[in-house]
Structures are given as C-alpha cells and as structure tokens.
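As structure tokens, the structure follows; a few thoughts come after it.
Counting convention: from 1, in listed order, for ligands and their atoms alike. Note that these values count all heavy atoms, side chains included, but never hydrogens, waters or copies made by symmetry.
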Amino acid sequence: MRIAHAALIGTAVVLVACGGGKSANTSADTSAAMAPAAAPAESTAVAQAPQGPMTIPSWMKVDKAKKTVTLDIHAGQTPDNNHWNFNGYDKGNATITVPEGYKVVLKFTNDDATLAHSIGVDSAYTTFPPTFTNPQPIFAGAISSDPTDPGKATQPHKSQTLTFTASKAGNYTLNCFIPGHAMAGMWVRFDVSSDGKAGVQAG
Ligand SMILES: [Cu+2]
C-alpha cells in the first residue's frame with residue numbers, strides 16, 4: 001500500500017529524501033482528505049486593519065509585573081468563515097497586541113467538530129499561499145505541532161499550549177497552516193508593540 005503510494009506520488013519520494021520520514025507518508029496518505037471542500041469562495045479578501053478601540057477581552061490576561069500575556073484562543077468557536085476562525089475572528093478583522101519582551105502563554109483549543117487546525121506566529125502576509133512547507137514561527141516555540149498536517153495537527157476538541165517570548169516589535173499574523181485555511185481567511189493580526197500596549201482591536 002505504502003509502496004504503491006510512493007510510486008504514484010513522486011513528491012512523496014522527494015519528501016522522504018528531505019528527511020520527512022513518517023510525516024511524508026502521512027501527507028501522501030491524507031492528501032485526498034486535505035481538499036478544503038467547503039472552503040469559502042472569497043479566498044483573498046483582506047479587511048483593513050481593525051480601527052476599533054483596544055480592549056482586553058475575557059480571553060486575554062496581561063500581567064505587567066510578570067511581563068506575561070495569556071491568550072485563550074479557540075479555532076472554530078463560532079460558525080464564522082466555515083468555522084475557520086480564531087475566537088470568531090477571521091480575514092485579519094482583529095488585531096491582538098502584546099508588548100515587546102513579554103512572555104506569551106497561548107492556549108490553543110480546537111472547537112471545530114470535524115477538522116484539524118493549527119496556529120502560529122507568521123509574517124505579516126496580506127495574502128497567503130495555499131500550502132506551507134515546514135513553516136517556522138517568527139518566535140521560537142510560537143507554532144503548534146505538525147501545523148500543516150490534517151492528520152496530526154490539533155484535532156477536534158484537543159488543545160495545546162504554546163509558550164514563547166515576543167522578542168521583537170512588529171506586525172505579524174496568527175494563522176492556521178493546514179492547506180487552504182489561511183488563504184480562506186483563517187488568520188488574525190498579531191502585533192508586538194514597542195510602547196507597552198496590550199489588547200485586542202476588532203471591527
Ligand atoms: Cu485551520
């Protein structure tokens with residue numbers, strides 16, 4: 001079975017050669033299931049950066065004494081964007097801001113009943129590629145495990161906690177790395193402020 005796959009899908013051989021090993025096999029085996037059948041059509045629509053007031057929602061805690069921000073982020077918490085959202089936000093329509101130098105403890109939970117999702121701090125894209133190859137987060141530790149693999153990323157009703165230091169001010173994104181998801185709008189803005197600002201803007 002596996003040999004037949006390798007013969008049929010030439011790229012699997014290349015991935016194995018690159019050291020992908022078991023994950024390359026999984027990718028090949030699940031490739032048919034990756035197709036985002038219910039993907040929203042408006043794949044590249046990008047909202048303007050949110051202009052609303054900065055507030056600290058219930059899912060964000062800021063401890064200035066300990067220089068720590070805690071984020072409780074759920075994929076698919078609401079039906080918005082086919083459940084491909086973070087805490088109900090998608091297509092960049094919310095900005096999470098944390099101060100430079102703070103430790104970020106991000107608890108990621110997948111509330112989507114049917115599909116795996118992932119999360120990580122990425123470049124400030126305005127449009128996303130359909131797939132990611134071995135994505136590396138902006139800050140060490142700022143990405144969930146097996147982020148591109150629908151069979152191994154954060155499964156429905158599972159959670160994972162990421163801990164990282166927001167060591168460099170700038171404009172970034174938090175996005176899902178499952179094929180097609182970020183392109184279909186599964187991303188929010190993630191800013192690291194140089195002036196101590198923290199909070200969430202939406203709208
Ligand atoms: Cu996703």
Side-chain angles (χ1 to χ4, degrees), residues 15 20 23-24 26-47 49-50 57 59-60 71-96 104-139 141-164 171-191 200 202:
L15 288 169
S23 65
T26 305
S27 296
D29 289 341
T30 56
S31 59
M34 281 182 198
E42 66 279 27
S43 62
T44 56
V46 175
W59 48 267
M60 180 179 198
L71 298 169
D72 187 11
I73 297 186
H74 293 246
Q77 194 175 46
T78 71
D80 294 285
N81 198 41
N82 191 35
H83 289 93
W84 295 8
N85 64 70
F86 295 117
N87 287 358
Y89 298 109
D90 58 75
K91 299 189 186 78
N93 69 358
T95 304
I96 299 168
V104 178
V105 180
L106 191 165
K107 184 181 180 190
F108 177 56
T109 303
N110 185 1
D111 289 350
D112 186 335
T114 55
L115 292 176
H117 293 288
S118 60
I119 194 167
V121 180
D122 204 347
S123 309
Y125 288 105
T126 52
T127 59
F128 290 85
T131 59
F132 297 85
T133 303
N134 191 24
Q136 300 298 315
I138 297 293
F139 306 117
I143 194 164
S144 57
S145 57
D146 297 300
T148 66
D149 188 335
K152 294 166 82 180
T154 308
Q155 299 298 308
H157 312 303
K158 298 291 186 190
S159 62
Q160 178 175 5
T161 299
L162 315 181
T163 303
F164 60 92
N171 305 116
Y172 310 104
T173 57
L174 274 174
N175 51 270
C176 181
F177 298 86
I178 302 286
H181 288 205
M183 195 172 81
M186 194 164 183
W187 66 280
V188 296
R189 299 167 201 273
F190 185 78
D191 286 357
V200 174

H117 ND1 and C176 SG subtending at the Cu ion (ligand 1) (10° steps):
130°
Nearest 0.5 angstrom please: N93 CG to R189 CZ, how far?
8.5 Å
Is the distance from the Cu ion (ligand 1) to some N, O or S atom of S118 under 2.8 Å?
no
Quick one: the ND1 of H181, the Cu ion (ligand 1), SD of M186 angle, rounded to 10°, please.
110°
Report yes or no: does D111 contribute a side-chain atom to a donor-acceptor pair with the main-chain N or O of N87 at less than 3.5 Å?
no
Applying the side chain to side chain donor-acceptor pair (under 3.5 Å) test to D112, which of Q77, H117, H83 qualifies?
H117
Measuring only between side-chain heavy atoms, which start at C-beta, is I96 closer than 4.5 Å to W59?
yes
